[in-house]
4 protein chains.
Amino acid sequence: MTSDTAHRGNRHGRSEQARRAVLEAADDLLAEKGFAGVTIEGIAARAGVAKQTIYRWWPSKVDVLLEAFTEDMAEHLTPPDTGDLAADLRTHLANLAEFLTASDPGAVFRALTGQAQHDPALATRLRDEHLSHQRARDRLPLERAIARGDLPDLDVDEAVDHLVGPVHYRVLVTGTEVSRAFTDNLVAAFLKQHER
Amino acid sequence: MTSDTAHRGNRHGRSEQARRAVLEAADDLLAEKGFAGVTIEGIAARAGVAKQTIYRWWPSKVDVLLEAFTEDMAEHLTPPDTGDLAADLRTHLANLAEFLTASDPGAVFRALTGQAQHDPALATRLRDEHLSHQRARDRLPLERAIARGDLPDLDVDEAVDHLVGPVHYRVLVTGTEVSRAFTDNLVAAFLKQHER
Amino acid sequence: MTSDTAHRGNRHGRSEQARRAVLEAADDLLAEKGFAGVTIEGIAARAGVAKQTIYRWWPSKVDVLLEAFTEDMAEHLTPPDTGDLAADLRTHLANLAEFLTASDPGAVFRALTGQAQHDPALATRLRDEHLSHQRARDRLPLERAIARGDLPDLDVDEAVDHLVGPVHYRVLVTGTEVSRAFTDNLVAAFLKQHER
Amino acid sequence: MTSDTAHRGNRHGRSEQARRAVLEAADDLLAEKGFAGVTIEGIAARAGVAKQTIYRWWPSKVDVLLEAFTEDMAEHLTPPDTGDLAADLRTHLANLAEFLTASDPGAVFRALTGQAQHDPALATRLRDEHLSHQRARDRLPLERAIARGDLPDLDVDEAVDHLVGPVHYRVLVTGTEVSRAFTDNLVAAFLKQHER
DNA sequence: ATTTAATCGAGACGGTACGTCGAGTCTTGTC
DNA sequence: GACAAGACTCGACGTACCGTCTCGATTAAAT
């Protein structure tokens with residue numbers, strides 16, 4: 001894995017190899033030992049990297065996790081566009097629930113959101129760099145439905161909160177299972193508010 | 001309940017004075033310096049107490065915060081009962097928002113909920129010892145309305161999630177302001193599903 | 001062992017039972033775990049006695065050991081009086097070597113002497129309460145020989161130092177074995193200085 | 001031997017500065033507050049060094065003292081060689097007495113010897129790393145005298161014990177003053193055994 | 001016969017120091 | 001100039017004993 005062409009310093013530019021090793025080590029440690037088990041020293045040891053290399057490129061361990069999270073997120077959680085609002089919302093919320101409860105990047109998200117409760121700077125970065133983009137995607141089905149005339153011209157931001165809020169609440173607060181029935185009912189309740 | 005001056009614990013003589021000093025010091029430190037600023041050493045120093053005294057009675061700093069939180073919570077967040085479902089829910093959600101965003105015990109709650117993302121044992125204790133009681137209170141307005149016939153016989157648990165979920169989501173995830181308009185709209189949307 | 005007539009406090013006078021238990025526990029702990037393994041808490045636990053009971057009667061752990069040592073010493077190391085100086089000295093030094101290297105109270109003596117290097121108050125007590133008496137006994141064979149005219153009127157204190165000094169030196173400093181040959185040679189060398 | 005400014009240890013860069021600061025702080029603390037006043041925390045604080053730095057290089061406080069002692073000992077207590085056995089022995093024993101009772105490294109030696117009574121591992125190290133060398137020096141005057149024919153071919157080891165034993169005994173056990181008269185008499189008595 | 005006071009086991013208390021872990025900074029020599 | 005290695009200072013961890021302090025129970029002398 002660590003190839004024989006290992007990069008051990010060079011004149012120009014940063015080692016992509018070290019960067020990847022760090023991100024993977026951080027991800028692995030989070031999965032194996034939880035957030036408290038992720039330490040700079042631990043990452044460095046597992047990645048076969050010097051601590052200084054981590055500090056050179058990331059201000060703190062949450063920044064490492066944030067970057068790892070960004071890599072993993074890539075193409076996640078884009079809602080479908082079938083022209084059927086109810087179906088699209090049901091699919092999207094079910095995907096969201098799956099992401100939050102059962103995926104590796106979902107675990108990172110939960111850890112980062114937890115840490116953000118203690119760390120306002122992280123909270124801001126998390127919102128600016130991730131949530132804002134995700135919320136833009138969350139708005140899409142509603143905006144399309146309004147454009148189609150399938151939905152009145154409601155406050156889309158509040159509507160998104162009404163839809164994704166209960167899912168996050170279950171995941172982050174109550175720990176209750178987020179079943180397909182729950183998300184489907186949530187969509188049904190939402191739509192009922194706006195039907196003729 | 002707790003006796004006049006000196007508490008008698010196991011055999012004789014746990015110091016109620018030390019116990020209170022610890023809980024208050026922990027609360028103060030959380031308010032002043034945030035979760036990371038709460039350390040056993042810091043609590044001990046501020047409370048004028050030996051570290052061993054803390055370790056004797058609490059397994060970890062989150063247990064101290066949990067107990068401090070319990071003390072502070074006492075009579076919080078019981079929904080009113082005016083017989084008017086809409087008014088009661090509006091008041092209750094507004095109180096919840098106020099609690100979560102602007103009160104000292106609310107700050108403790110956010111910190112503990114954040115920490116619970118890294119600590120399953122804490123998550124369980126938080127749910128068993130606090131959330132379950134709060135949810136029971138959250139259910140009351142709905143149960144009374146159903147009993148009065150003002151609401152159909154819906155799934156009360158899901159309904160509670162739909163109402164308090166978006167508020168928690170804004171507080172814990174997006175950090176958006178939770179205005180009176182937001183909670184009022186939330187109640188209005190909820191009631192619209194069930195109106196005649 | 002701890003009888004049913006256990007003494008648990010009375011108006012006048014101290015519990016002999018507790019006193020013995022403490023002294024024995026201290027001795028046992030020294031034998032088992034060395035000087036560092038002797039702690040007030042450890043003695044109390046092993047003796048089935050409250051810490052306060054120890055502090056009531058002994059200022060420190062070395063005082064406990066000192067008292068235990070006194071009890072054990074009782075009739076040790078009194079030189080014989082056969083009228084034959086050489087024989088008496090040989091026997092006495094051999095007994096001294098045996099005491100210092102192979103007996104339980106000898107181990108306590110070594111520990112206390114070691115501790116006395118760090119603790120001038122202990123050093124003083126050890127000298128006043130034990131060494132002075134032992135030295136008086138050490139002088140006896142020489143004083144008797146002088147009275148008999150078997151030895152010139154030398155400085156008895158220095159002579160005692162010349163005789164017992166090398167034995168203590170081997171025990172406390174070099175750790176070399178103190179054989180019968182060594183003590184016999186020591187006596188022979190001493191006598192040779194004064195023969196005529 | 002030790003390089004100019006910064007010592008390079010394992011790989012590169014053990015701080016010679018930190019090492020010296022630790023040894024000096026330990027020495028100073030022993031002189032000022034006695035053995036019990038020497039603590040790792042105290043050394044660290046006085047040396048302006050982190051506790052971890054001490055633990056990185058020394059297993060315990062006695063190892064620090066042992067190393068400090070080694071540094072200080074360097075050129076101490078080498079007996080003179082004037083060709084006059086009596087004079088050389090008198091000088092050497094007087095120097096020994098002065099070292100043991102009145103010098104700083106002598107105080108360290110007494111403390112370490114005291115501690116060695118509780119700590120067999122320390123006893124062994126003390127003997128192997130120091131006493132053996134000192135005893136080799138102690139033997140020199142006798143060996144030279146034998147070579148010159150000024151002394152019969154006696155057991156040098158026992159003779160050394162007879163000479164230095166009483167001095168150590170007074171210092172470590174009785175606490176009596178070790179005057180020039182005492183050491184001179186000791187030498188005189190020793191020589192009397194072997195005179196024509 | 002009852003009071004009363006010294007002593008007991010128990011153990012909580014404020015402290016000091018322990019030895020360990022990880023943080024974040026710095027220096028050194030290699031590529 | 002980035003890298004691996006690792007020593008450095010610092011702060012907090014959780015533990016062990018220290019010596020002091022109640023507490024309630026026990027018990028024999030003094031009422």
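Labels below follow one simple rule: chain letters A, B, ... track the order of the sequence lines, proteins then strands, and each chain is numbered from 1. Because the structure is predicted, anything quoted here is derived from the model rather than measured.
If you measure from atom CH2 of D:Trp58 to atom P of E:dT20, you get 16 Å, rounded to the nearest angstrom. The nearest whole Å value for the distance from the CZ atom in C:Arg14 to the C1' atom in F:dA29 is 20 Å. We find that CD of C:Gln17 is positioned 11 Å from C1' of E:dC8, with the value rounded to whole Å.
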Practice task
Determine, stepwise, if the pair D:Asp72 / D:Asp104 fulfils side chain to side chain contact (heavy atoms under 4.5 Å, CB included).
Solution key: CA-CA 9 Å; D:Asp72 291 347; D:Asp104 275 359; 5.7 Å; no

Could you give the side-chain donor-acceptor pairs of residues 21-48 of chain B under 3.5 Å, partners two or more places apart or in another chain?
from    : atom 1 : to      : atom 2 : distance (Å)
B:Glu32 : OE1    : B:Arg46 : NH2    : 2.7
B:Glu32 : OE2    : B:Arg46 : NH1    : 3.3
B:Glu32 : OE2    : B:Arg46 : NH2    : 3.2
B:Thr39 : OG1    : B:Gly42 : N      : 2.8
B:Glu41 : OE2    : B:Lys51 : NZ     : 2.8

Under 3.5 Å, sequence neighbours excluded: what are the donor-acceptor pairs made by side chains of residues 109-125 of chain D?
from     : atom 1 : to       : atom 2 : distance (Å)
D:Arg110 : NE     : D:Leu100 : O      : 2.8
D:Thr113 : OG1    : D:Phe109 : O      : 2.8
D:Gln117 : NE2    : C:Leu172 : O      : 2.8
D:Gln117 : NE2    : D:Thr113 : O      : 3.1
D:His118 : NE2    : C:Ala111 : O      : 3.1
D:Asp119 : OD1    : D:Ala121 : N      : 3.2
D:Asp119 : OD1    : D:Leu122 : N      : 3.1
D:Thr124 : OG1    : D:Pro120 : O      : 3.1
D:Arg125 : NE     : D:Glu129 : OE2    : 2.9
D:Arg125 : NH1    : D:Asp63  : OD2    : 2.3
D:Arg125 : NH2    : D:Glu129 : OE1    : 3.2
D:Arg125 : NH2    : D:Glu129 : OE2    : 3.2

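Side-chain contact between C:Arg14 and C:Thr53: absent, with no pair of heavy atoms (C-beta onward) separated by less than 4.5 Å.
Of the residues in residues 43-56 of chain D, those with a non-hydrogen atom less than 4.0 angstrom from any atom of DNA chain E are D:Lys51, D:Gln52, D:Tyr55. The stretch residues 31-41 of chain D comes close to DNA chain E through D:Thr39, D:Ile40, D:Glu41, each having a heavy atom under 4.0 Å from the strand.
Residue pairs that meet the ring pair (Phe, Tyr, Trp, His ring centres under 6.0 Å) test with at least one member in residues 40-66 of chain C, sequence neighbours left out, do not exist here.
Partners of A:Arg19 under the salt bridge (Lys or Arg N to Asp or Glu O under 4.0 Å) rule, at least two apart in sequence or in another chain, are A:Glu16, A:Glu67, A:Glu71.
Checking the phosphate oxygens (OP1, OP2) of E:dC8, a side-chain nitrogen or oxygen of C:Trp57 falls inside 4.0 Å.
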